[in-house]
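Chain naming here is simple, since letters A, B, ... match the order of the sequence lines and numbering starts at 1 in each. Keep in mind that the numbers below use all heavy atoms, side chains included, and drop hydrogens, waters and symmetry copies. These numbers come from a predicted model, not from an experiment.
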Amino acid sequence: MSALQAVRGTHDHLPETRRAHRRVAEAAHRVTALYGFQEMATPIFEFTEVFQRTLGETSDVVTKEMYTFHDKGGEQITLRPEGTAGVVRAFVANGLQQALPQRLFYQGPMFRYERPQKGRLRQFHQVGVELLGVATPLADAEVIACAAAFLRDLGVAGDTTLEINTLGDAESRANYRDALVAYLRQYAHRLSDDSRERLERNPLRVLDSKDENDQAVVADAPSFLDYLNADSRAFFDGVCAHLAAMGLDYVMNPRLVRGLDYYCHTAFEFTTTILGAQGTVLAGGRYDGLVEQMGGSAVSGVGWAAGIERLAALIGDPEAPPRPVMMVPLGEEAERHALPLAERLRAAGHVVEMTYTGNLKKRLKRADRSNARAAVILGEDELAAGRATVRDLDTGQQDAVALDAVADALGQG
RNA sequence: GCGAGCGUAGCUCAGUCGGUUAGAGCGCUGGUUUGUGGUACCAGAGGUCACGGGUUCGAGUCCCGUCGCUCGCCCCA
C-alpha cells in the first residue's frame, strides 16, 4: 500500500472524468428543473441515528455498509450512504411541511463500506429528487416521467429498461409477507443458506434470489398481486394508467423489491444490461411514512436516485473542452503586452492560454499540443506596428491585426 | 463479508526453464542554426517489476502475507 494511492473504493476525478460527471449532474439539474424540482443540499454526514431509524435496523446498509465514527465531541456520526434520509431530516427540521408539495433535487457524494466492483465504489455520487406531500399516483407517474426525461436527455434511454412493481401499503405487505413466509418455511430445507437467512430478515428478498433451486421454490410461491388490498391495487393501477397515457414503456417485475424499510407502493428501476452485475442505473419509489418516522407529520413522499458513475459509464466519451487561443509573446516587451491583451480576449469570451518559454517554433508546437485553435503572436515586428499576428492553427492562415481588433478577428471560436 | 483472476515506465503491453546492465510502441523532454506548429529523423529522461517477507548461489519470474484493481456472490446506485 502506498501513501499516494487513494483509499480503496475512492477515485480521483481527473478533468476528463470530471467532465463526464458534470455532464450527468448538469443534465439532471436542468431536466428536473423542468418538473419544478429545486436543488437543495444536506451535510454529507449526519448523526448515525438518522440512517438507523430510516433505513431499518436490519438492512444491509445499516448492518454492514455504513461509515460510522465518533467525532471529537463523542457524537456518533455516519457518512451518508444515501440521500433521502438527510433530505427528509432537513425537510422536518426546517418546517418545509408547511408548504406542500415540496419538489427537491440533490446531488453529491455518498459512502458505503462495500467491496468495490465496476460501478460500485465506497465513495460514489448520486443525483436524486424527492417529491413530498402528494399522496396520489399522479406524483409517482410524474416522478418516473422525470427520470425518463433525464435519461433521454443523456441519450441513454435506449440502453435502459423501466421496471416497476408495487409493494402495496403496510397492510397488504404484512399479509403477503405472512403468506410468503408460511409458504417458504415448508421448503426451507431446499433453500440456499442465503435465502434461509433472508427468510428471517427480509423474506421478500428470497423472490430475487439468483440461486436456481431457490427459483424453483419461488416459482410456485404466492403472488403479491393476490394480496394487494383494494386501495393498493387501485393506486398501482393508477400509476400504470398514467405511465401509459404518457407513452412510457415499462416492464412489470414482481420480483422488484426494496432493501430499505421505508418503501411502499410504487417501486421502480431503470436498468441496463451493458454494465455487468451493477445494472441498476436509477431507482426509486414511494415512501409514505418515512417523514412521520423521522418525527414529522404524516407526509407522503416519492423519489428516485441515480448513480452518476454508472450513468457516466453509459454515456461514453465526454465532449472535448473548448479549444483555447494561445498567446505567444516573444521577448520581455511582448510579455508586458501579452497579459493585458489576454485579459481583453477573455473578457470577450475567448478561452485564452499562455506560452511561457521557448522560441516561436517551440511555442507553436505547444499551442498545437494544447489543441489551440489559434495563436496570437506578439513579437518585435508586431509591437512596432501596434499589431498582433493572429494565426489560425487549423488552416495556417495568419493576418496582422490591430490590438483592438484581435478579439473580433478570433471570431466565435 | 465470501469466491476467483490480475498488478512490469505516464498509457498499452513483451519479458522464454529462475540467470548478466528489465524492453517495445505510444506519450513526454530536447535537438535537426535566423520568427512559424502538425509530418519525418536523431537523442534523452522516466522503473522501489504494487508493498513486505521467504526459498535460492541467483527472483520481475517460485512460495506466504498485505494493499489495490477486475469479475462473480451478497447487496445496491
Base of B:G35 paired with side chain of A:Gln398 (donor-acceptor, under 3.5 Å): no

Heavy-atom side-chain contact between A:Ile315 and A:Val156 under 4.5 Å: yes

Same-atom distance (C1') from B:C49 to B:A4, integer angstrom: 24 Å

Partner nucleotide, any strand, of B:G52 [Watson-Crick/G-U, under 3.5 Å]: B:C64

Distance, P atom - from B:A9 to B:A22, rounded to whole angstrom: 14 Å

Nearest-Å distance once atom C1' is located in both B:C28 and B:G46: 9 Å

Any N/O donor-acceptor pair, A:Arg120 side-chain to B:C75 base, under 3.5 Å: yes

Pairing partner of B:A24 (Watson-Crick or G-U wobble, both distances under 3.5 Å): B:U12

Pairwise C1' distance, B:G47 and B:A14 [rounded to whole Å]: 15 Å

A:Arg391 side-chain N/O to B:G38 phosphate OP1/OP2 under 4.0 Å: no

Salt-bridge present (A:Asp288, A:Arg286; N to O < 4.0 Å): yes

Sugar-phosphate, base or nothing in reach of A:Asp381, heavy atoms under 4.0 Å: base

N or O in side chain of A:Arg8 less than 4.0 angstrom from B:G68 OP1/OP2: yes

Phosphate OP1/OP2 of B:G72 contacted by A:Gln117 side-chain N/O (<4.0 Å): yes

Of the listed nucleotides B:C75, B:G35, B:G31, the one nearest the side chain of A:Thr389: B:G35

Atom-pair distance (NZ on A:Lys365; P on B:G27), nearest Å: 11 Å

Mate of B:G5 where both pairing distances stay under 3.5 Å, Watson-Crick or G-U: B:C69

Sugar-phosphate, base or nothing in reach of A:Ala367, heavy atoms under 4.0 Å: nothing

Base partner of B:A40, which must satisfy Watson-Crick or wobble distances under 3.5 Å: B:U32

C1' gap between B:G5 and B:G10, integer Å: 25 Å

Distance below 4.0 Å between A:Arg369 side-chain N/O and B:C28 OP1 or OP2: yes

Contact under 4.0 Å: A:Lys361 side-chain N or O vs B:G37 OP1/OP2: yes

